Amino acid sequence: MLRSVFLAAADSSRLGRLVSSASLGKNMARGLVAGDDIDAVLVAARELADDGLSITVDHLAAETATAEDAQATREEYVALLGRLQSAGLTPVAEVSVKLSALGQRLDEKTALEHALAVCAAAAEAGTSVTLDAEDHTTTDSTLEILAELRKEYPSTGAVLQAYLRRTEGDCRELATAGSRVRLCKGAYAEPESVAFTDALDIDKSFVRCLNILMSGEGYPMVATHDPRLIAIAEDRARWFDRSSAEFEFQMLYGTRPEEQARLAAAGHTVRVYVPYGDQWYGYLMRRLAERPANMAFFAHALASKK
Ligand code: FDA
């Protein structure tokens with residue numbers, strides 16, 4: 001119930017303007033978002049790298065981009081990759097990109113051109129790009145663009161969402177040599193016709209997908225904070241004889257940092273997804289939808305700052 005309220009709120013631009021301009025909203029985003037600009041995200045990335053963690057940086061942009069927004073997003077990523085390289089943070093840091101922010105909904109061809117430019121900048125900086133997964137209406141287009149990008153930049157990563165009924169099939173397609181695949185539960189409001197909506201069904205699908213990726217030829221990136229799924233991933237890695245260099249865990253910035261440290265200390269690669277930018281409203285609402293308990297966490301954090 002609360003999940004659907006927060007997901008509906010994520011799509012409300014009026015509410016977004018209201019929350020984004022209020023200091024309460026800004027305080028709530030703090031802790032989950034590294035800051036407004038590249039300088040801020042470099043500081044966060046440096047701290048994580050010093051703690052032995054890997055990073056993927058996401059620039060938070062408007063989800064329905066205009067052509068000008070899309071061009072600006074491309075330029076932002078090119079600048080970001082240059083700065084990550086100059087700071088000596090590549091290849092430990094890569095970037096995550098939403099194709100919607102590169103204009104996918106306006107014109108797929110232009111989005112592909114922008115994505116190629118970002119991949120070229122990543123290659124120049126000695127690192128890679130992962131394409132975030134958005135709602136199911138974009139999945140076919142995103143996977144087609146991924147296939148095009150991989151012709152020139154084979155290390156480009158995909159994201160597959162376990163809640164989609166199609167995802168086991170997509171895992172089979174993508175579990176090939178050199179293929180980097182982030183598996184997550186999925187964060188959008190999706191209809192029953194295309195997605196599992198029961199939490200247990202989503203977890204079971206996650207495990208089926210994990211089995212395919214771990215037994216395949218690619219490089220699985222296990223993106224979850226769920227202790228049960230983390231334990232199962234460790235078990236499957238042992239079962240399929242994968243060394244710590246042959247898969248990784250991923251978690252969101254500010255979420256279960258003690259677990260991130262524990263997994264890294266156990267010898268795993270742990271990559272932290274670090275968002276930055278002033279368009280954090282939709283991101284924050286999706287995090288609240290996943291875990292309404294975050295509300296209490298933020299309230300506590302705010303109270304302790306006074
Ligand atoms: P979930 O939120 O279901 O929680 C399961 C259990 O984990 C909880 O019961 C609790 O035990 C524990 N837990 C979770 N959060 C906790 C916390 N803050 N503190 C303590 N315990 C906690 N989605 C998408 O649609 N497209 C994408 O591209 C991405 N990309 C992405 C990258 C990375 C690195 C991550 C980690 C996630 C994404 N996601 C995503 C989001 C993903 O789909 C999903 O919505 C969230 O990760 C939440 O699901 P979890 O698997 O973490 O568990």
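All figures in this text were calculated on a predicted structure; none of them were measured in a lab. First listed ligand is number 1; within each ligand, the first listed atom is number 1.
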Atoms of ligand 1 close to R287 [distance to a heavy atom under 4.0 angstrom, numbered from 1]
41 (C)
Salt-bridged, E192 to R165, with N to O below 4.0 Å?
yes
Taking non-hydrogen atoms only, is Y188 closer than 4.0 angstrom to ligand 1 via side chain, backbone, both or neither?
side chain
Does only the side chain of R256 get under 4.0 Å from ligand 1, or the backbone, or both, or neither? Count heavy atoms.
side chain
Contact region, E190 to ligand 1, non-hydrogen atoms below 4.0 Å, reads neither
Nitrogen or oxygen atoms of V159 and ligand 1 under 3.5 Å apart:
no
Provide the number and element of each atom of ligand 1 under 4.0 Å from a heavy atom of Q161.
24 (C), 25 (O), 26 (N)
For K98, is the nearest heavy atom under 4.0 Å from an atom of ligand 1?
no
In plain terms, say whether E76 and R83 are close enough for a salt bridge, that is, a side-chain N and a carboxylate O under 4.0 Å apart.
no
Check each of M251, R286, R182 against atom 30 (N) of ligand 1 and report the one with the nearest heavy atom.
R182
Please determine if R172 and E168 form a salt bridge, counting it only when a charged side-chain N lies under 4.0 Å from a carboxylate O.
yes
For G186, the ligand 1 atoms whose distance to one of its heavy atoms is below 4.0 Å:
25 (O), 42 (C), 43 (O), 45 (O)
Would you please indicate if the ring centroids of Y188 and H136 are separated by under 6.0 Å?
no
Please work out whether any backbone atom (N, CA, C, O) or any side-chain heavy atom from C-beta onward of E134 is under 4.0 Å from ligand 1, and answer side chain, backbone, both or neither.
neither
Please could you name the atoms of ligand 1 that E290 approaches to less than 4.0 Å, counting only its heavy atoms?
41 (C), 44 (C), 45 (O), 46 (C), 48 (C)
State whether the shortest distance between N or O atoms of Y163 and N or O atoms of ligand 1 falls below 3.5 angstrom.
no
Which atoms of ligand 1 are found less than 4.0 Å from any heavy atom of H225?
7 (O), 12 (C), 13 (N), 14 (C), 15 (N), 36 (C), 47 (O), 50 (P), 51 (O), 52 (O)
What atoms of ligand 1 come within less than 4.0 Å of a heavy atom belonging to Y273?
32 (C), 34 (C)
A student checking ligand 1 against D132 at a 4.0 Å heavy-atom cut-off should list atoms 28 (O)
Is the shortest side-chain heavy-atom distance between V222 and R271 below 4.5 Å?
no
Do any nitrogen or oxygen atoms of L252 lie less than 3.5 angstrom from nitrogen or oxygen atoms of ligand 1?
no
Are any of the side-chain nitrogens in D140 or R166 under 4.0 Å away from the carboxylate oxygens of its partner?
yes
Under 3.5 Å, N or O to N or O, is T224 touching ligand 1 that way?
yes
Below the 3.5 angstrom mark, is there an N/O of Q250, backbone or side chain, next to an N/O of ligand 1?
no
